[in-house]
Each structure stands twice: as C-alpha cells, then as structure tokens.
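Counting starts at 1 for both ligands and their atoms, following the listed order. In this text the structure is predicted, and so the values were computed from the model without any measurement.
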Amino acid sequence: MKGTAASIICLFYLVILVDSERYKPTWDSIDSRPLPDWYDKSKIGIFMHWGVFSVPSFSSAWFWEQWKTAKLPAVVDFMKENYRPGFTYADFAAQFTAEFYNPDQWADILAASGAKYVVLVTKHHEGFCNWPSKYSFNWNAGDVGPNRDLVGDLAQSIRNKTDLHFGVYHSLFEFYHPLYLQDAANNYKTQDFVRIKTMPELYELVNRYKPDVVWSDGDWMVNDTYWNATQFLAWLYNDSPVKETVVVNDRWGKNIRCKHGGFLNCNDKFNPGVLQKRKWENCMTIDRKAWEFRRTATFADFLDLKDLTREIATTISCGGNLLVNVGPTPDGRIAPIYEERLRQMGGWLKTNGEAIYESKPWKHQNDTIRTGVWYTSKKTESGLSVYAIVLDWPDNDVLHLGAPSPTSTTVVTMLGYKGKIDWKSGGKQGGITINMPIISINELPSDSAWVFRMDGLNK
Ligand SMILES: *[C@@H]1O[C@H](CO)[C@@H](O)[C@H](O)[C@H]1NC(C)=O
Ligand SMILES: *[C@@H]1O[C@H](CO)[C@@H](O)[C@H](O)[C@H]1NC(C)=O
Ligand SMILES: *[C@@H]1O[C@H](CO)[C@@H](O)[C@H](O)[C@H]1NC(C)=O
Ligand SMILES: *[C@@H]1O[C@H](CO)[C@@H](O)[C@H](O)[C@H]1NC(C)=O
C-alpha cells in the first residue's frame, strides 16, 4: 500500500518534471526557449522568392493584389496591354515552368556565397504551394506549372551537397483564398481557413521537409489568436521532428511582430544601427526594388559588393543575422547578376569570415569618431580579438579610430594580408592610428571593406 502511494507520488512528480520541460502555448513559454546556437553562429543566410509571381516578374510578389485592387495602375495597364481579356492570375501558373531548375547547381551557388542557411519561399501571399501539398489541390507545383516538388528537391540538394541549414518561408495569409475571405468577412470570429488550410499545410511542411527555419509572414491582418500561432509553436518546440534545431521568426500575428517568437525580423530591411537586446535578422534584397525576379530591373537597381559589405558590417556588429534575397526566374535559373553578387560576397567572406561567423558584438558597435567602421569580436586563447570592418578607404591612407585603446602588447593585422601593419597609439586624441598598407590593388585582400584584427587591446 505504502509502496503504491510512493510510486503514485513519484509518478506525479515525474509528470510535473516532464511537463515543466515542455513549452506551453503562451508567449512567455515560447519566448523562454533558447535559440539553437547554430543560428547566431551562422550570421548569413540566403532568401529566395520564387512562385507564380515570378512569371509576370513585373512589379512585385504582390502583383495579383496590385492588379485586382488597381493599387498599382501600371500593373492594370500591363495586363490590359499584354494579356487576353478573361486571363486570370491562375493562368500564369502554367508558365511557371522551371525547366532549367537544377537544385544541385543552386546548392553550389548558395554554398559559394558563404551563407550558412537558406530560406526558400514555399508559399507566398498568392497561396501557390511550391511543394505538392494535399491542402492546396491543383494550386501547387506538383499539379500545375513545374510538375515537380520544388521544395523537396532543393532540400535534398542542399543537404546532399552543402553544410547549409534548410529553411522555409511560409505566408499565413492568402490574398484571395475563399475560406480566408469568409473568416475575414466574419471579423475573424471563425477560423476555417486556419483549421483547414494554414495549419495543416504548416504541419505538412515541417513533417515532410524538416526545415531548420520556419520563417513566417503574412501575419499582419489579424492577431496571433486567430492564427493559433502559439499552439503551432508549442508543437514545433515540443514534438516536431526538428524540435532541437528549428528556429522561427516573429511574424505570428499583428500584435506579435518585433515582440515575440524566436529571432526578430520586425519589418522588412530592419537594420537599426544599434545593439539589440534580442537576436534579430535583417532580411533585405539584392534588387533594391523587389523580392522576386523582375524583368524590368536595371543594373543600377542591384546592390554591389560594397553595398553588401555595408549591410553585413552594420548588421552583424549590432547582433543581427543578414538574410540576403535573390529572385530566381520562372524557368528556374539564378540569373548571372545574382550569381555574381553571391559569389562576390562569398569571396569577401572567405577572406574576412573570421570577423563574421561565430562573432559576438563588441562593447562598441561602430567607431566613436570615424564613420563607416563597425566592430565585432571573438574570444580567443589569448584573450579577445576585436575586428574593425572599414567600409571606406581613408582619403589620406591614415585611419584614426577612437574606440580601440591599444597597449604595449597590442597586435594589429589585416585579414587576408600577410604584410606588417604600421600603427601607433592615437596620442592625446586617444584611440589608435593605423597606416593603411600602400600596396598594389592585386595584393589587397578585397576591393571593398577591409578588416583589421586587433589583439591585446585594453579591456
Ligand atoms: C548526392 O550527391 C551525389 C554526388 O553529387 C550523387 O551521386 C547522389 O545521387 C546524390 N544523392 C541524392 C539523394 O541526391
Ligand atoms: C487551435 O489550437 C487548439 C489547441 O490545440 C485546438 O483545439 C484548435 O482546434 C486549434 N484551432 C485551429 C483553427 O487550428
Ligand atoms: C485577438 O483577436 C480576438 C478576436 O479576433 C480577440 O478576442 C482578442 O482579444 C484579440 N487579442 C489581442 C491580444 O488583441
Ligand atoms: C555610430 O552609430 C550611431 C548609431 O547609428 C550613430 O549615431 C553615430 O553617429 C555613429 N558614429 C559615427 C562616428 O559614425
């Protein structure tokens, strides 16, 4: 009798113990989960916007909505001038052919970019699923257009050929899904769309492709209770096949963004320029004007390596990750301009990645006197290495920095350059004065953004 009582008590405590380790569907509990550290260490990811919107490839991934609401008259004119009357948005799907889609080649390009994770759009606001979802009958890449599992094929190539983590972007809402429109008409008092569409397909995506990132979007119309967001996240963290490795963002309801979830995206291209309390990510795009492939883009619309290194430096110094977007073509190619930018970034990271990957913010994020110099740091056997990322070559070849305070044992080197760096203490002004190495351009480690490593600084 006593024994039974004892075991019941034991069992009771065991249940409490196990239960306390499980995440509850509340934001307090969801927020308490430590972010798996691969994410912070990775620093750089690639975002890919690909879908039926890639077919008109004209204005934006919002093409359908811009057309139907006539919010963008240019889109209305474009349709009137180029398509027969009665042409529907769904008619574009047949032209989403992806005949040159070679996920092994994509994997090679993504690996060459120096990124450590990829986030593929699996379904944008148009609702088209890039995987053969059983919850999106005939509006998915298996049934129409590519006739292929675009998501699964990239996941497989990424895992087979690279060390990158595979992640998925997923839009909660869909512009014109009839169940969504019905819930909206009911002031979101019904959840038919969430119950029948959004949630089943999210579970399907996670169970089938085991993504390490679930990058949510399309949250802003309704608050998180409509989306059942915490219930999904509790499952993701407790019971899903990726519960140990998965990270999520913050776009889980109009009242949640920039407040709760995993890492914070806040708004697109969020790059605050100052240290943040929580892990965050700057999602931005190489084409300044769009996330999807855009046939009317001009050369000047694309960020160059100098722009990209500025994004890297300002973001990583302040504790963020950088998610760099490319828009593949409807026939499945990464256009050469995107490929070039990715390979250039990879080249820069090959030389300077020591200052980026696995780095931590330093006590100063940017310099106190010279603009365009951003810092990161890393613990080493000998103490702390501080990295100064110099975005612009100083006019007189002399770099005076206010934040670092050198000692007699300070050592200054330039990443990717074997020569000795000539420097002295900044004297009365304080700081440190570095003479930029005057060498031929061929000997310079890069033609944009140079990184000085400083060991043995004052604490
Ligand atoms: C993985 O890659 C190897 C070499 O590139 C290839 O031979 C093999 O078929 C690939 N396996 C899968 C499952 O894609
Ligand atoms: C929301 O989550 C609760 C608790 O798991 C569940 O009972 C309910 O059916 C879910 N609703 C939808 C629309 O998914
Ligand atoms: C979220 O919306 C529901 C109704 O759609 C409402 O009952 C609830 O109070 C809202 N919660 C917040 C935090 O705004
Ligand atoms: C450092 O960054 C802060 C925040 O962006 C800015 O206010 C300040 O002017 C910067 N310092 C220099 C020297 O550029």
For [atom], which protein heavy atom lies nearest, and how many Å away is it?
atom	answer
atom 13 (C) of ligand 4	D367 O, 3.2 Å
atom 10 (C) of ligand 4	N366 ND2, 2.6 Å
atom 14 (O) of ligand 4	T371 CG2, 2.8 Å

Is the shortest side-chain N to carboxylate O distance from R310 to D392 below 4.0 Å?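 D392 and R310: salt-bridged.
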Find all atoms of ligand 4 within a distance of less than 4.0 Å from any non-hydrogen atom belonging to T368, and give their numbers and elements.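 Atoms satisfying the 4.0 Å criterion: 13 (C).
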If you count the atoms of ligand 4 from 1 in the order shown, which ones are under 4.0 Å from a heavy atom of G273?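 Result: 4 (C), 5 (O).
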Flag the pair W423 / F452 as yes when their ring centroid distance falls below 6.0 Å, and as no otherwise.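 No, the ring of W423 stays outside the 6.0 Å limit from the ring of F452, centre to centre.
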Are the ring centres of W64 and Y176 closer than 6.0 Å?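 Close enough - the centres of the two rings lie under 6.0 Å apart.
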Specify whether the nearest protein heavy atom to atom 7 (O) of ligand 4 is under 4.0 angstrom away.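 No.
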Any nitrogen or oxygen of Q191 lying under 3.5 Å from a nitrogen or oxygen in ligand 2? Just yes or no.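 So ligand 2 has no N or O lying under 3.5 Å from an N or O of Q191.
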Could you tell me if the side chain of L172 sits less than 4.5 Å from the side chain of D217, heavy atoms only?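 D217 vs L172: side chains apart.
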Report yes or no: do N458 and T407 form a side-chain donor-acceptor pair below 3.5 Å?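 No, T407 and N458 have no side-chain donor paired with an acceptor closer than 3.5 Å.
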Proximity of R195 to ligand 2 by residue part, where a heavy atom lies under 4.0 Å: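 R195 to ligand 2: contacts from backbone and side chain alike.
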Please assess R294 against D301 for the test salt bridge (charged side-chain N to carboxylate O under 4.0 Å, His left out), listing each intermediate value before the final yes or no. CA-CA 10 Å; R294 201 164 54 95; D301 291 333; 2.9 Å; yes
